[in-house]
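The next block holds one structure in the form of structure tokens; read it before the comments.
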Amino acid sequence: MSAFRTLDDLGDVNGKVALVRVDLNLPMQDGQVTDDTRIRAAMPTVLELADKGAKVLILAHFGRPKGDRVSTMSLSLVLGAVEDVFGREIMFVPEVAGDVVTQAIGILRPGDIAILENTRFWKGEEKNDPDLVKAIAANGDFYVNDAFSAAHRAHASTEGLAKVLPAYAGRSMQAELEALEKALGTPERPVAAVVGGAKVSSKLDVLKHLVGQVDHLIIGGGMANTFLAAKGVDVGKSLCEHDLAGTANEILEAADKSGCTVHLPYEVVVAQEFAANPASLRTCNVHEVAADEMILDVGPSAVEALADVLKTCRTLVWNGPLGAFETPPFDEATVALAKTAAALTREGSLISVAGGGDTVAALNHAGVAGDFSYISTAGGAFLEWMEGKELPGVAALAGD
Ligand code: ADP
Ligand code: MG
């Protein structure tokens, strides 16, 4: 990964206009913000710039208005929630460019903050239209990107602006890039990856990339069934993509060639129906699954063996739960391995990075999210990074 500029590289910003891209794509219910994680993530960067005397103009997208002004997706709806978290008064500007923004800047004093309207109200945003980029940039002195979660998109506010203004990574972006660099860029070895979740098809590129990068690949969740079936194991009526047997075997061969040890469950938790604590629940060897049973979690002895693998590793990257963790007791393997990873991290012997919507939920459920070295809440961008792709929003920040 190439180096990038941070807020530490900024000179005097007093009175200057900062265009700051953050993630305010907030979950809402009945007009209320239900989770303010993203607001809190944006706060250090915005307040640091404001406290240094910049006039901070916040850029963000909200929902998918597809180039139209959709009133239910106006960023004015989240203004109050952002003011509450920041503890500051914030101006709302119903445009992203032009005279209205220029006039607003005239009213703002150094250290003041404004939120500009949803960037996706303009068709040029998702097209990365140079005219829109130029119009937004005309009102700013420099650009800060603090939205890693949007960095896999080459949009006007995530990529275009970085090309025409002096560009810097915000504090959240910086923390994310530094954590990801430690996990897969130049990691301490051995490195283990846990990849789980429902389907192989959604994470094929992740698996293909990881086998060339990590020393141990632990495969769990529904996707393990596809690998087991490809190896000739009868997985009963488990969730399984039988048509991907060839691909699964190619991944296993590639792993073999690059010296990556793949760990598939040898013991599993099965049931005849997918329900909480079903009467038919049992633990068995992976070769003993009956035709009317489905694999819903990794078995306890197999999890212990996986914990032993983690104990030999210095770095862990985790995406995807090991079982159907939303339904008890199929959360047990995920919770047990997460607790091991958390304990090793606390002891200082493991650097642990995890990401993915359900993965974060599972680690919260296990009560260990705070013990991991870094938890990424950037769904799509995190997965593309795990695929080894260069993210346009990050590439555009690279210093030269
Ligand atoms: P993430 O959002 O972290 O990337 P995924 O969306 O890929 O994770 O996968 C999470 C889903 O996989 C969960 O809903 C979980 O119930 C499901 N899952 C895990 N193991 C199994 C299994 N053995 N059978 C069916 N579903 C499973
Ligand atoms: Mg998911």
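All ligand and atom numbering here is 1-based and tracks the order in the structure. Bear in mind that the values here come from a model prediction, so they are computed numbers and not experimental data.
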Self-check item: Atom pair CD (Glu176) and CZ (Arg171), whose distance is rounded to the nearest 0.5 Å
Solution: 15.5 Å
Quiz item: Is any side-chain heavy atom of Val101 less than 4.5 Å from a side-chain heavy atom of Ile105?
Solution: yes
Quiz item: So, are Lys182 and Glu178 salt-bridged, with charged N and O less than 4.0 Å apart?
Solution: no
Quiz item: Among Asp297, Leu296, Val289, Val235, which residue meets the side chain to side chain contact (heavy atoms under 4.5 Å, CB included) test with Val270?
Solution: Val289
Quiz prompt | Sphere of radius 2.8 Å around the Mg ion (ligand 2) - protein N, O or S atoms inside | solution = Asp358 OD2
Exercise. Report, in ascending order of atom number, the atoms of ligand 1 lying under 4.0 Å from any heavy atom of Gly323.
Key: 15 (C), 18 (N), 19 (C), 20 (N), 21 (C)
Practice problem: Would you kindly say whether Arg153 and Thr158 are connected by a side-chain donor-acceptor distance under 3.5 Å? | Solution: no
Quiz item: For atom 11 (C) of ligand 1, which candidate among Gly355, Ser238, Ala198 provides the closest heavy atom?
Solution: Ala198
Quiz item: Is there a nitrogen or oxygen of Glu326 sitting under 3.5 Å from a nitrogen or oxygen of ligand 1?
Solution: yes
Self-check item: Polar contact flag for Leu383 and ligand 1 (N/O pairs, less than 3.5 Å)
Solution: no
Quiz item: Would Thr119 and Glu125 count as having a side-chain donor-acceptor pair, cut-off 3.5 Å?
Solution: yes
Exercise. Step by step, work out the side-chain contact (heavy atoms from CB on, under 4.5 Å) result for Val233 and Phe227.
Key: CA-CA 9 Å; Val233 174; Phe227 281 89; over 6 Å; no
Exercise. State, to 0.1 Å, how close Asp146 and Gly170 come at their nearest heavy-atom pair, and which atoms those are.
Key: OD1-C, 3.0 Å
Self-check item: Parallel, tilted or perpendicular: rings of Phe142 and Tyr168 (30°, 60°)
Solution: perpendicular
Quiz item: Heavy-atom contact under 4.0 Å between Met294 and ligand 1?
Solution: no
Exercise. May I ask you to check if ligand 1 and Asn319 share an N or O to N or O distance below 3.5 Å?
Key: yes
Practice problem: Using a strict cut-off of 4.0 Å, indicate which atoms of ligand 1 neighbour a heavy atom of Gly357. | Solution: 2 (O), 3 (O)
Quiz item: At a non-hydrogen distance cut-off of under 4.0 Å, which region of Lys199 contacts ligand 1 (side chain, backbone, both, or neither)?
Solution: neither
Quiz item: Any side-chain heavy atom of Val200 within less than 4.5 Å of one from Ile219?
Solution: no
Exercise. Write out the residue and atom name of the closest protein heavy atom to atom 6 (O) of ligand 1, then the distance separating them to 0.1 Å.
Key: Asp358 OD2, 2.9 Å
Quiz item: Does some side-chain heavy atom of Asp36 sit less than 4.5 Å from a side-chain heavy atom of Leu26?
Solution: no
Self-check item: Distance-only N or O hit between ligand 1 and Leu322, under 3.5 Å
Solution: no
Exercise. Say whether Asn225, considering both its backbone and side-chain N or O atoms, lies within less than 3.5 Å of an N or O atom on ligand 1.
Key: no
Quiz item: Any idea which protein heavy atom is nearest atom 4 (O) of ligand 1, and the distance to it?
Solution: Lys203 NZ, 3.1 Å
Exercise. Hey, could you give me each pair passing side-chain hydrogen bond (donor to acceptor under 3.5 Å, both in side chains) that has a residue in residues 207-217? Not counting sequence neighbours.
Key: Arg189-Asp215, His216-His263
Quiz prompt | Sub-4.0 Å heavy-atom approach of Ser202 to ligand 1 | solution = no
Practice problem: Output yes when Arg120 and Asp68 qualify as a salt bridge under the 4.0 Å nitrogen-oxygen rule, no when they do not. | Solution: no
Quiz item: Counting each atom of ligand 1 from 1 as listed, which ones have a heavy atom of Gly222 under 4.0 Å away?
Solution: 19 (C), 20 (N), 21 (C), 22 (C), 23 (N)
Quiz item: For atom 23 (N) of ligand 1, which protein heavy atom lies nearest, and how many Å away is it?
Solution: Ile295 O, 3.1 Å
Quiz item: Is there at least one pair of N or O atoms, one from Leu239 and one from ligand 1, spaced under 3.5 Å apart?
Solution: no
Exercise. Select the closest option to atom 9 (O) of ligand 1 among Gly196, Gly197, Ala361, judged by heavy-atom distance.
Key: Gly197
Exercise. Can you pull out the closest protein heavy atom to atom 3 (O) of ligand 1? Residue, atom name and distance to 0.1 Å, please.
Key: Thr359 OG1, 2.4 Å
Self-check item: ILVMFWY network linking Leu391 to Val353, side-chain heavy atoms under 4.5 angstrom
Solution: yes
Quiz item: Does one side chain, of Thr283 or Glu267, offer a donor that lies under 3.5 Å from an acceptor on the other?
Solution: no
